[in-house]
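One structure is given here, and the rest of the page talks about it.
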Amino acid sequence: EDQVTQSPEALRLQEGESSSLNCSYTVSGLRGLFWYRQDPGKGPEFLFTLYSAGEEKEKERLKATLTKKESFLHITAPKPEDSATYLCAGTQGGSEKLVFGKGTKLTVNP
Amino acid sequence: SAVISQKPSRDICQRGTSLTIQCQVDSQVTMMFWYRQQPGQSLTLIATANQGSEATYESGFVIDKFPISRPNLTFSTLTVSNMSPEDSSIYLCSVMGLAGGSSYNEQFFGPGTRLTVL
């Protein structure tokens with residue numbers, strides 16, 4: 001069964017304290033690995049898509065990387081406005097279905 | 001990305017009733033999907049809304065419970081039928097393949113509809 005597992009479930013950081021979120025997947029024939037940000041009461045906001053091992057993408061303080069078995073979302077010098085739940089999802093070849101992890105709830109304290 | 005709206009944004013319903021949720025996009029899209037996000041759980045795909053034909057349902061979801069329409073390239077509805085408290089959840093539509101866009105494989109989500117069934 002295809003699975004996406006995110007860790008940790010929750011993470012508290014001080015402003016400026018860099019860290020990484022993990023997403024491991026067992027999606028056979030992974031075609032794309034997606035990262036989303038979700039704020040309370042809102043729909044997921046698209047951040048990145050990664051397609052092949054070794055690929056990296058950056059946006060402001062966020063950088064997503066992909067290996068053959070997992071993806072990392074690195075957060076450099078986070079600010080309180082980065083507080084949100086970060087979701088990871090994978091798709092298989094031939095399907096547009098996103099298989100989501102449960103997310104990591106990030107809290108950045110000032 | 002497109003602007004995606006959902007109506008209603010939230011509702012409280014009685015057991016045994018039905019609710020229809022609307023999803024409207026401000027530009028034509030190739031694909032539209034409906035997801036469910038139960039408290040503390042992952043987002044789960046309910047079905048793919050196909051224009052002009054029956055929706056494609058995922059395992060565990062059936063048309064009688066979740067009828068879906070997609071009359072054109074910018075609009076879809078999801079009905080939650082004969083509701084029970086277990087249907088309390090956030091329902092989200094997503095779209096893919098924006099007309100004229102370059103990000104075909106990326107899915108963009110609406111704001112969600114928070115449903116509570118008493």
Side-chain angles (χ1 to χ4, degrees), chain A residues 1-10 21-27 29-52 55 57 59 62 64 66 71 84-105, chain B residues 1-10 21 23-25 29-50 55-61 78 89-98 101-116:
Chain A
E1 181 183 337
D2 294 334
Q3 273 197 315
V4 175
T5 304
Q6 292 188 246
S7 62
E9 290 185 11
L21 313 182
N22 177 264
C23 171
S24 63
Y25 57 88
T26 58
V27 177
L30 183 79
R31 184 165 62 85
L33 192 291
F34 299 75
W35 283 98
Y36 288 85
R37 168 188 171 133
Q38 188 172 27
D39 292 296
K42 296 188 176 182
E45 174 192 345
F46 173 79
L47 293 174
F48 304 109
T49 310
L50 302 167
Y51 292 105
S52 56
E55 189 175 1
K57 288 191 177 175
K59 179 180 180 180
L62 300 176
L66 182 65
S71 178
T85 296
Y86 290 86
L87 301 171
C88 170
T91 56
Q92 283 181 292
S95 171
E96 312 301 345
K97 173 184 175 181
L98 286 170
V99 177
F100 278 89
K102 291 187 178 181
T104 294
K105 183 176 181 180
Chain B
S1 61
V3 176
I4 307 166
S5 59
Q6 286 186 231
K7 290 182 182 180
S9 57
R10 57 177 62 226
I21 301 168
C23 178
Q24 178 74 56
V25 194
V29 295
T30 305
M31 302 189 76
M32 297 182 77
F33 307 89
W34 287 97
Y35 286 81
R36 181 173 73 180
Q37 187 174 28
Q38 294 180 303
Q41 301 298 315
S42 315
L43 277 81
T44 302
L45 180 64
I46 297 171
T48 302
N50 300 310
T56 304
Y57 290 85
E58 296 297 310
S59 175
F61 298 97
L78 167 75
S89 185
I90 299 173
Y91 293 86
L92 297 138
C93 70
S94 74
V95 305
M96 198 171 94
L98 298 172
S102 60
S103 54
Y104 178 80
N105 291 321
E106 292 155 5
Q107 285 189 35
F108 300 96
F109 284 81
T113 295
R114 182 179 293 272
L115 170 62
T116 302

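Predicted model, so just to flag it, every value in this text is computed and none were measured. Naming convention: chains lettered A, B, ... in sequence-line order (proteins, then strands); numbering from 1 in each chain. These numbers come from the heavy atoms of this one structure, side chains and all, not from hydrogens, waters or symmetry mates.
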Margin query: Let me confirm one number: the CD-OG distance from A/Gln6 to B/Ser42, rounded to the nearest 0.5 Å.
Written below: 8.0 Å

Notebook entry, point to check: Counting only heavy atoms not in A/Lys57, do more than 12 fall under 6.0 Å of its NZ?
Noted result: yes

Checklist line | Partners meeting side-chain hydrogen bond (donor to acceptor under 3.5 Å, both in side chains) with B/Tyr35 (sequence neighbours left out) | finding: B/Gln107

Check: With respect to chain B, which residue among A/Gly101, A/Gly32, A/Gly41 yields the maximal number of heavy-atom pairs within a distance under 4.5 Å?
Finding: A/Gly101

Margin query: Under 4.5 Å from any heavy atom of chain B, what part of A/Lys97 do you find: side chain, backbone, both or neither?
Written below: both

Next item on the list: Step by step, work out the side-chain contact (heavy atoms from CB on, under 4.5 Å) result for A/Leu87 and B/Leu43.
Entry: CA-CA 9 Å; A/Leu87 301 171; B/Leu43 277 81; 3.8 Å; yes

Margin query: Within the supplied structure, the quantity of interest is the number of heavy atoms (other residues, nucleotides, ligands) at a distance under 6.0 Å from B/Gln38 CD; does it exceed 12?
Written below: yes

Next item on the list: Give, for atom CD of A/Glu45 and atom CZ of B/Phe109, the distance between the pair rounded to the nearest 0.5 Å.
Entry: 12.5 Å

Notebook entry, point to check: If you round to the nearest 0.5 Å, how far is CE of B/Met96 from CD of A/Glu96?
Noted result: 3.0 Å

Notebook entry, point to check: Quick check: are there more than 12 heavy atoms from other residues, nucleotides or ligands sitting under 6.0 Å from CZ of A/Arg31?
Noted result: yes

Next item on the list: Taking all heavy atoms of B/Leu92 and all of A/Pro44, pick out the closest pair and write down the distance.
Entry: CD2-CD, 4.0 Å

Checklist line | Contact origin within B/Gln37 toward chain A - heavy atom pairs under 4.5 Å | finding: side chain

Notebook entry, point to check: Which heavy-atom pair separates B/Glu106 from A/Phe34 by the least distance, and what is that distance?
Noted result: CA-CE2, 4.1 Å

Next item on the list: Only counting residues at least two apart or in another chain, list the ones meeting side chain to side chain contact (heavy atoms under 4.5 Å, CB included) with B/Phe61.
Entry: B/Arg36, B/Thr44, B/Ile46, B/Tyr57, B/Glu58, B/Phe66

Notebook entry, point to check: With a 4.5 angstrom heavy-atom cut-off, which part of A/Gln38 approaches chain B: side chain, backbone, both or neither?
Noted result: side chain

